[in-house]
Amino acid sequence: MARLQEQYVNEIAPALNKKFGYKSVMQIPKLDKVIINVAAGEAKENAKVIDAIVADLGQITGQKAIVCKARKSVANFKLREGMPIGAKVTLRGERMYEFVDRLFNVALPHQRQLLSVLGLRVLRRKSVARACRRGQR
């Protein structure tokens with residue numbers, strides 16, 4: 001059993017039940033699934049971008065990603081129906097808990113530390129990716 005899952009079962013769920021007084025254990029909130037999605041606008045010109053994204057998602061999550069295709073044609077974006085435009089992975093069960101544990105305890109603190117070293121300002125409601133992309137100081 002994953003570390004986060006053990007902590008949820010042994011500590012978090014009983015604390016939530018005690019705090020909110022749920023009548024049934026099925027009312028206690030829990031993680032059902034985690035979906036990691038990557039959209040690639042430049043994939044319409046270069047098909048190798050999707051292959052790189054699928055490989056990266058496979059290394060990050062431990063399972064193969066699904067290539068997402070466009071549902072509709074959009075002339076302004078030069079996009080045709082059926083063109084690959086992104087990739088996604090759905091994690092459930094133990095892999096989901098392992099991923100969330102690594103995300104909260106390794107990746108996000110490291111990213112926050114990196115942003116503080118670079119002197120970037122991240123407001124509460126701003127996404128970290130936006131702050132990095134725009135280069136706000």
Side-chain angles (χ1 to χ4, degrees):
M1 188 182 290
R3 186 177 68 164
L4 183 65
Q5 189 173 11
E6 286 178 12
Q7 184 180 7
Y8 175 78
V9 170
N10 297 331
E11 300 170 18
I12 298 170
L16 285 172
N17 198 9
K18 184 178 178 183
K19 181 177 180 181
F20 296 109
Y22 295 122
K23 294 178 181 172
S24 170
V25 291
M26 297 304 288
Q27 292 178 313
I28 300 172
K30 65 178 180 175
L31 286 176
D32 182 35
K33 63 183 174 180
V34 173
I35 300 173
I36 299 112
N37 179 36
V38 178
E42 62 270 5
K44 59 187 172 195
E45 290 96 24
N46 188 359
K48 292 183 181 179
V49 173
I50 294 290
D51 296 334
I53 290 172
V54 168
D56 289 345
L57 279 176
Q59 282 188 329
I60 292 169
T61 61
Q63 70 184 47
K64 189 171 188 276
I66 297 172
V67 176
C68 297
K69 298 185 178 190
R71 293 185 200 156
K72 294 167 112 179
S73 298
V74 180
N76 289 342
F77 298 126
K78 297 179 183 171
L79 185 66
R80 300 289 166 249
E81 185 176 342
M83 288 177 72
I85 55 171
K88 72 175 181 176
V89 175
T90 303
L91 300 174
R92 299 175 196 268
E94 190 149 346
R95 280 193 178 150
M96 170 190 64
Y97 281 106
E98 286 292 334
F99 178 80
V100 171
D101 187 28
R102 283 185 282 146
L103 179 71
F104 288 163
N105 295 319
V106 178
L108 292 180
H110 179 70
Q111 190 171 20
R112 186 176 299 144
Q113 181 183 15
L114 177 67
L115 291 173
S116 67
V117 167
L118 294 175
L120 297 177
R121 180 183 50 156
V122 180
L123 300 175
R124 177 179 287 176
R125 297 198 189 262
K126 272 216 172 149
S127 97
V128 174
R130 272 191 179 155
C132 287
R133 195 175 328 124
R134 290 184 184 166
Q136 296 176 348
R137 296 200 181 265

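For this chain, numbers begin at 1 and follow the sequence in order.
Of all heavy-atom pairs between Ala87 and Asn37, the closest is O-OD1, 3.2 Å. What you find for Glu81 and Ser73 is that their closest heavy atoms are N-OG, 2.9 Å. Minimum interatomic distance between Val34 and Met96 (heavy atoms only, all atoms of both residues): CG2-CG, 3.4 Å.
Looking at heavy atoms from C-beta onward, Phe104 lies in side-chain contact with Val100 at the 4.5 angstrom threshold. Between Ile60 and Phe99 there is a side-chain heavy-atom pair separated by less than 4.5 Å. Residues Arg3 and Asn105 meet the side-chain proximity criterion, which asks for heavy atoms closer than 4.5 Å.
Applying the side chain to side chain contact (heavy atoms under 4.5 Å, CB included) test to Met1 and every residue at least two apart in sequence or in another chain returns Gln5, Glu6.
In the hydrophobic clustering of ILVMFWY residues, with side-chain heavy atoms under 4.5 Å counting as a link, Ile50 and Ile35 come out apart. Both Ile36 and Leu103 belong to a common hydrophobic cluster when Ile, Leu, Val, Met, Phe, Trp and Tyr are linked at side-chain heavy-atom distances under 4.5 angstrom. Residues Ile12 and Tyr22 share a hydrophobic cluster, clusters being chains of Ile/Leu/Val/Met/Phe/Trp/Tyr side chains in contact below 4.5 Å. Follow the hydrophobic side-chain contacts under 4.5 Å out from Val89 and you reach Val38 in the same cluster. Cluster membership for Ile53 and Ile66, using ILVMFWY side-chain heavy atoms within less than 4.5 angstrom, is not shared.
Residue Leu4 holds its CG atom at 12.0 Å from CZ of Arg102, rounded to the nearest 0.5 Å. Interatomic distance, Ile28 CD1 to Tyr8 OH, rounded to the nearest 0.5 Å: 5.5 Å. Asp32 CG to Leu91 CG: the interatomic distance, rounded to the nearest 0.5 Å, is 12.0 Å.
For residues 86-96, the set of pairs meeting the side chain to side chain donor-acceptor pair (under 3.5 Å) definition, not counting sequence neighbours, comprises Gln63-Arg95.
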